[in-house]
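Inspection log for the structure reproduced underneath, given as structure tokens.
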Amino acid sequence: MAQLLPDKIITRVTNDWAKSYPNAQTDTDAYVIGAKVIDVRRRAKVLLIDLSSEYSLVIHLKMTGQLVYRGAGVAFGAGHPNDSLIGKLPDKSTRVTIEYSDNSKLFFNDQRKFGWVKLYPTTEVPNIDFFKKVGPEPLSDEFTQADFRQRFLRRPNTNIKAALLDQTVIAGVGNIYADESLWGAKIHPTSLVRDLSAAKTNKLYKELRYVLNLAIEKGGSSDRNYVNAEGKKGSYLSFARVFRREGQPCPRCETAIVKTRVAGRGTHTCPKCQKS
DNA sequence: CACTTGACCTGTCCGC
DNA sequence: TGCGGACAGGTCAAGT
């Protein structure tokens, strides 16, 4: 995305599901049509496309959203090299289509319709409720072990998995990387935050950063249909130690991985390695 | 206030 | 094969 979009000029934005582009209206076109893409950024799980109009498209993929970019012509239909992963576009999951002056298109596809594309003045983005409350980026250089522990201790009476998933504590950790990092740190997901020693939270800090870096290197976790902007799948799940591995042997101790429900989410643990 | 649960949606899978 | 229910990568609002 960051390589594909800059300098492209938007000529049209259409949406097939109102909630996927909730502030779409004719007067928003004034800030979008004819605008040039200046930059593509990310904060937490949100993507920002900054435009020359000083407005930004703010995009959240939620569970099943995906952004797929295609050049003009044959790329929209049969014969595209990515057809085995995702076929002709738009398709029945296409919610928003952004067209550019070179006739390329960016498709926002989202089977479950939880994701969205919103438009805000670029200077207002930091004032969106979500961005005011969201926690620090766990991979940033300034984010230390001590910061990590201190952030968690704001939620002393909840379990560590709920705290890991809480975007106001730490940004960007979802269900997969929560399970994976807890396994790495040998912490049971139901452990109360207040009961975790500094040694444990330090270990979790290291494991979380390891897991996130590995996931980035592998192109993320394509659960089923997910593809990136170039139509490619990520491969992290083939490296996962516990996530979606119920009944398979723990890579450390061979004990069968179990699946339970913690913080309302499917949760995978090794019952021997992660006792507390 | 801190914390948990249900709602938002479509599609798939599993048991009857 | 059909049908009901549970579940799926995330976040809010409403509930306790």
Side-chain angles (χ1 to χ4, degrees), chain A residues 15-22 42-47 58-68 85-87 90-96 108-118 128-135 138 151-183 189-195 208 211-212 214-216 218-229 232-247 258-268:
Chain A
N15 65 302
D16 296 339
W17 179 253
K19 291 180 180 176
S20 296
Y21 189 40
R42 178 197 63 81
R43 171 77 171 102
K45 297 176 187 171
V46 176
L47 186 76
V58 180
I59 303 174
H60 200 309
L61 302 179
K62 295 287 181 85
M63 316 265 262
T64 53
Q66 52 184 276
L67 288 163
V68 182
L85 298 174
I86 182 167
D91 65 19
K92 64 178 178 179
S93 293
T94 301
R95 311 302 174 197
V96 183
F108 175 73
N109 271 27
D110 185 17
Q111 178 185 102
R112 289 174 72 182
K113 301 179 176 176
F114 289 177
W116 38 254
V117 177
K118 296 180 186 177
I128 298 170
D129 273 355
F130 177 84
F131 286 118
K132 283 200 291 193
K133 292 188 293 186
V134 73
R151 300 287 304 180
F152 277 104
L153 289 176
R154 291 152 48 121
R155 295 257 123 64
N157 298 314
T158 193
N159 62 64
I160 184 63
K161 175 145 181 181
L164 262 176
L165 294 174
D166 184 340
Q167 301 297 297
T168 70
V169 176
I170 306 285
V173 182
N175 201 36
I176 298 172
Y177 307 126
D179 281 6
E180 290 289 294
S181 57
L182 288 168
W183 178 87
T190 59
S191 298
L192 290 185
V193 169
R194 63 163 183 257
D195 294 335
L208 178 62
V211 164
L212 292 176
L214 179 63
I216 290 167
K218 301 303 176 189
S221 298
S222 289
D223 178 15
R224 295 197 167 157
N225 305 315
Y226 183 78
V227 293
N228 69 10
K232 293 178 183 161
K233 296 182 81 118
S235 65
Y236 178 83
L237 286 188
S238 64
F239 297 87
R241 288 81 52 92
V242 289
F243 191 82
R244 294 275 171 81
R245 297 203 181 278
E246 184 181 13
V258 297
K259 185 175 180 189
T260 56
R261 188 154 278 266
V262 179
R265 314 300 304 279
T267 298
H268 309 77

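Throughout, a chain's letter reflects where its sequence line sits, starting with A, and its residues are numbered from 1.
- Residue A/N157 places at least one side-chain N or O closer than 4.0 Å to OP1 or OP2 of B/dC3.
- Comparing C/dG9 with B/dC14, their P atoms are spaced 16 Å from each other, to the whole Å.
- A salt bridge does not link A/D179 with A/R241: none of the charged nitrogens is closer than 4.0 Å to a carboxylate oxygen.
- Rounded to an integer number of Å, the gap from CD of A/Q111 to P of B/dT10 is 10 Å.
- Judged purely by atom type and a 3.5 angstrom limit, A/R42 uses its side chain to pair as donor or acceptor with the backbone of A/A44.
- Contact annotation for A/K92: backbone-only contact, meaning every heavy-atom pair under 4.0 Å involves sugar-phosphate atoms and none involves a base.
- Contact annotation for A/N175: backbone-only contact, meaning every heavy-atom pair under 4.0 Å involves sugar-phosphate atoms and none involves a base.
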Symbol by symbol from the 5' end, with Watson-Crick or G-U pairs under 3.5 Å, [ ] crossing and | another strand, DNA chain C is .|||||||.|||||||
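- Nucleotides C/dA6 and B/dT5 are separated by 16 Å at their P atoms, to the nearest Å.
- Here A/K62 does not pair with A/D110 in a salt bridge; the nearest charged N to carboxylate O distance is not below 4.0 Å.
- The nearest whole Å value for the distance from the NZ atom in A/K113 to the P atom in B/dT10 is 4 Å.
- The phosphate of C/dG9 has OP1 or OP2 within less than 4.0 Å of a side-chain N or O from A/R265.
- Comparing B/dT4, B/dC9, B/dC3 by their closest approach to the side chain of A/P156 singles out B/dC3.
- Only the P atoms considered, C/dG5 is 16 Å distant from B/dG6, to the nearest whole Å.
- Atom CG in A/D110 sits about 15 Å away from atom P in C/dG9, given to the nearest Å.
- Residue contacts shown for A/Y177 are absent, as no nucleic acid heavy atom lies under 4.0 Å away.
- Residue whose closest nucleotide on DNA chain C sits further toward the 5' end, between A/W116 and A/T64: A/T64.
- One N or O on the side chain of A/T267 and one on the backbone of A/R265 form a donor-acceptor pair closer than 3.5 Å.
- Remark: A/Q167 is in phosphate contact with C/dT11, judged by side-chain N or O atoms under 4.0 Å from OP1 or OP2.
- Of all the heavy atoms in A/L165 and A/A178, the pair that sits closest is CD2-CB, 4.0 Å.
- Candidate nucleotides C/dG10, C/dC7, B/dT4 were compared by shortest atom distance to the side chain of A/K259, and C/dC7 ranks first.
- Counted by atom type alone, A/K233 and A/N228 present zero donor-acceptor pairs between their side chains at under 3.5 Å.
- The aromatic ring of A/F114 does not stack onto the base of B/dC9, failing the criterion of a centre distance under 5.5 Å from the six-membered base ring together with planes under 30° apart.
- The NZ atom of A/K233 sits 13 Å away from the C1' atom of C/dG9 (whole-angstrom rounding).
- Distances shorter than 4.0 Å separate some side-chain N or O of A/H60 from OP1 or OP2 on C/dT11.
- Across A/S222 and A/G234, no two heavy atoms sit closer than the pair OG-N, 2.8 Å.
- Atoms CE (A/M63) and C1' (B/dG6) sit 13 Å apart, rounded to a whole Å.
- When the side-chain nitrogen and oxygen atoms of A/K62 are compared with OP1 and OP2 of C/dG9, none of them lie within a distance under 4.0 Å.
- A donor-acceptor pair under 3.5 Å is absent between the side-chain atoms of A/S181 and the main chain of A/L208, judged by distance alone.
- Protein atom CG of A/D166 is 10 Å distant from nucleotide atom P of C/dT11, rounded to whole Å.
- Between the CD1 atom of A/I176 and the P atom of C/dG10 there is a distance of 7 Å, rounded to whole Å.
- Straight-line distance from the CG atom of A/D223 to the P atom of B/dC13: 12 Å, rounded to whole Å.
- The aromatic ring centroids of A/Y177 and A/F243 lie 6.0 Å or more from each other.
- Taking only side-chain nitrogens and oxygens, A/T158 comes nearer than 4.0 Å to OP1 or OP2 of B/dT4.
- As judged by a 4.0 angstrom heavy-atom cut-off over every strand, A/S93 is placed among residues making no nucleic acid contact.
- No contact: A/G264 has no heavy atom under 4.0 Å from any strand.
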What N/O pairs connect the protein and nucleotides 14-16 of chain C at under 3.5 Å? Give each pair on its own line.
none

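- A/Y226 comes within 4.0 angstrom of a nucleotide base, judged by non-hydrogen atoms across all strands.
- Within the 4.0 angstrom heavy-atom criterion, only backbone atoms of the sugar-phosphate kind lie near A/R244; the bases stay farther away.
- A donor-acceptor distance shorter than 3.5 angstrom exists from the side chain of A/E180 to the backbone of A/V242, with no hydrogens or angles considered.
- When the nucleotides C/dT11, C/dG9, B/dT10 are ranked by their closest atom to the side chain of A/K45, C/dT11 comes out on top.
- When only modelled atom types and interatomic distance are considered, A/T94 and A/N109 share a side-chain donor-acceptor pair under 3.5 Å.
- As judged by a 4.0 angstrom heavy-atom cut-off over every strand, A/G115 is placed among residues making no nucleic acid contact.
- Residue A/R112 has its side chain nearest to B/dC9 when only B/dC9, B/dC3, B/dT4 are considered.
- Side chains of A/S20 and A/N15: no donor on one and acceptor on the other come within 3.5 Å.
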